[in-house]
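Step one of this worksheet: look at the structure below.
Quick note: numbers below take in every heavy atom, side chains included, and nothing from hydrogens, waters or symmetry partners. All chains are named by letter (A, B, ...) in the order of the sequence lines, taking the proteins before the strands, and each is independently numbered beginning at 1.
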Number of protein chains: 2
Amino acid sequence: MWTDCVHILCVVFPYVIGGSALLSVPPQIKQEIASYKDIANEIINLSVSGAAQNQSYNRLAKFVDKFGSRIAGSQNFEHAVDYMLQVLADDKLENVHGEDAMVTHWVRGNESATMLKPRVYNLAMLGLGGSIATPPQGITAEVLVVNSFDELHNKSREAKGKIIVYNEDYEGYPTSVAYRDYGAKEAAMVGGVASLIRSIAPFSIHSPHTGWQDYDPKVKKVPTACITIEDAQMLARMAARGTKIVIHLKMEAKSLPQVKSRNTIAEIKGSKYPEQIVLISGHLDSWDVGQGAMDDGGGAFISWQALSLMRQLGLRPKRTLQMVMWTGEEEGGLGGQAYYNTHKKNISNYNIVMESDMGTFTPTGIWFTGSDAARAIVNTVVQLLKPINATMLYKGAEGTDIQLWMNDGVPGASLANEHPEYFWFHHSDGDTMTVMDPHQMDLCAAAWAVVSYVLADMEDMLPR
Amino acid sequence: MWTDCVHILCVVFPYVIGGSALLSVPPQIKQEIASYKDIANEIINLSVSGAAQNQSYNRLAKFVDKFGSRIAGSQNFEHAVDYMLQVLADDKLENVHGEDAMVTHWVRGNESATMLKPRVYNLAMLGLGGSIATPPQGITAEVLVVNSFDELHNKSREAKGKIIVYNEDYEGYPTSVAYRDYGAKEAAMVGGVASLIRSIAPFSIHSPHTGWQDYDPKVKKVPTACITIEDAQMLARMAARGTKIVIHLKMEAKSLPQVKSRNTIAEIKGSKYPEQIVLISGHLDSWDVGQGAMDDGGGAFISWQALSLMRQLGLRPKRTLQMVMWTGEEEGGLGGQAYYNTHKKNISNYNIVMESDMGTFTPTGIWFTGSDAARAIVNTVVQLLKPINATMLYKGAEGTDIQLWMNDGVPGASLANEHPEYFWFHHSDGDTMTVMDPHQMDLCAAAWAVVSYVLADMEDMLPR
């Protein structure tokens, strides 16, 4: 999950679409959707209490234990794709193949941030994606600690030649991520020689969080990394006492030439309108720390599981169910962009594009982007999830890799789930199988499968 | 906090001492205690909302930011003692001095645990206190993962030559700490060449927890370290799949000769019975990770603050209030032992020994060890804490450094406080000022000051 996902705030105050605010669904469509009740229950039962119980969790655990973190551009990620193509074929899915996508190839290398004054101390840190290296001997400089961009601008005369440390309070990911995105640029603009950003997280146990950052082509690039909440607060306390702080920053990060990667694709071919597509997805790449189990192993594997459940039940919808595990999401949705470029000529055949990339904890329903008429239909479909209490329809789907399609008017959906602690682990070494739960993944897979199956099997495509 | 603190469980189901279960307090003593109501309120007000608000937090922050972690035996710890002696004198406390105590001098050195098979991965790890080093080239061995000592014994024939990994579930600190204490010994007894223990913690973000461990003099010593919950679970999943795991463990740990350290002492001399003592304490040493802010900077600094509040109010109790900041608690209470050896000849003059070493979060009252008659009196004193809602009296004080006195019949007290997340941070890099709260420390200091002042000022010592 990379973009400024403005919808996260809405989890707290969701704008629920339902009841009188919705257009009414024509009776025959209502009836058509109601006729899927038994199939929906079969899918749910198979996933949650039947033979497929724990299946997506176990498959994910085996995968992330085998490959660990999987940054796009790495050989490890390509081996992971090869493995996926094999296991998807072994699972008897159809048209299993990779589709080429060029991706960024950023390599972290060795890195460290050592406080030299007032005492020697190694800060826990993670360089930010895309950061340049320091010179080989590193950068040794005095520190200017600020709590906001405003404070940086007010103190711009003190910034020249210094390492800028941002100790911004966490005000929610969509707001606070600006410090990760633009911290280096803003530091350079006032003459700073590097920037250290307090991790964009509400809670930490000495755990720094990485993520992509955006240089401005018009502004000098300076090395940039995240440090922990604890260390940022310590530096801020020291600075407030007037203590002189000197840090030695060393980063060997490299941006190598783009490399060819692949989106990983599998299908259940449609029986009646095979050229029409319901796309269901998560991203297979992760940051280069942790296991990428939560972000976004879970989303990728419940997408596989949705097709797998249909295959296990012998279900073949009228239109094609296509599952995509994206590459290069963390670097800005590079796999999604490549796929869009290749397939946009067939845009009229895309019924809905779906992506799960905000966790696979207890599902509550679906985020949806589309016309009012389509929204009313999807809301009716979501009511089939009553047995697992995931019947909410929220406004505004989220997904870096499906955004281009939604911009062009294709309906979009993302999985809504309870994830109050998502940003404790996001982009950190804490993103491992330990935060995942097999039952929660079963519920997510069931919700994901029911919605995608019904939309793929209904006689008509969603209105745009 | 080092010992198996069996009382922690009781925080959940406290055995409250109060009401009808208590002996009745003689009316004149009841009246005497009631007469302290105004002074108690003055202490509370000064600490919580008056000029001393945030004082102990700010003093602690300055101290831990200056020195960081402070393992006994280190030069850094001795510099920290020098600093404390200066600031205690600057605070106009009396008889400020250090008292010698010989302490263990264990040095971690460089250390790493690298999984070589099935893939290369650096485990987050912390060697355990007192562990021996590996040979200089490290130990490379296959892994045997067990979930319990019972499983180890059942699989003893598979253990020879292997690194034993314990993936024990966390069942509460007092129970689970047995794996840290005896994991190396049990591993060696079945022919294991090293042991890696899942950290004794209920929650982790890739954060290993260290702590002292106990070799058995009759059993071969093998190197031993903690790994994270996440990594232990990953290794257990791999082993359950039949995957061969090989780890390369390298530890340069050294146990150097004992060195002379100091307990740090300050007093308010008694006005009427100066030879009689109320001892109030926490330990100044910490593990060599994090900042030792929680364990036990908080306990040490609220003990200072208790005396500081009295000094600021011009209070001088009848008997001497002695504040001790211990050394070498984490290695088994070495400072406490030395102090006991020096002062036990005066045991009849010790009215009560108090230690705060289980956190300084929102206080709820006092844990107490002593006779029924003493308990009834202390319970009456604790009711003076009604303004801050800390009036509970629990059975059984906790404190490594005061245990010897309590064993000899001296009444003992420890601070009860709400600390549901204490073991998330305990002995890890997460033990920093970020987990501390100034208001909570003010409440703790007030409770600690009121109880110690009243017991130091009452006409009679507590009955034994």
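Here the closest non-hydrogen pair linking A/K66 and B/R119 is O-CD, 3.0 Å. When all heavy atoms of A/I205 and B/G430 are compared, the closest pair comes out as CG2-CA, 3.9 Å.
Separation of atoms CG (A/D65) and CD (B/Q233) is listed at 10.5 Å; rounding is to 0.5 Å.
Applying a 4.5 Å heavy-atom cutoff, the residues of residues 433-441 of chain B that approach chain A are B/M433, B/T434. Using a 4.5 Å heavy-atom cut-off against chain B, the contacting residues of residues 237-245 of chain A are A/R237, A/M238, A/R241. Residues from residues 75-86 of chain B never place a non-hydrogen atom less than 4.5 Å from a non-hydrogen atom of chain A.
Most heavy-atom pairs under 4.5 Å with chain A: of the set B/G68, B/P118, B/S428, this distinction falls to B/G68.
Contact of A/E230 with chain B is made through backbone and side chain together, with heavy-atom distances under 4.5 Å. Proximity to chain B (any heavy atom under 4.5 Å) is shown, for A/K62, by both the backbone and the side chain.
Qualifying ring pair (Phe, Tyr, Trp, His ring centres under 6.0 Å) partners for A/F425, counting only residues two or more places apart in sequence or in other chains: none.
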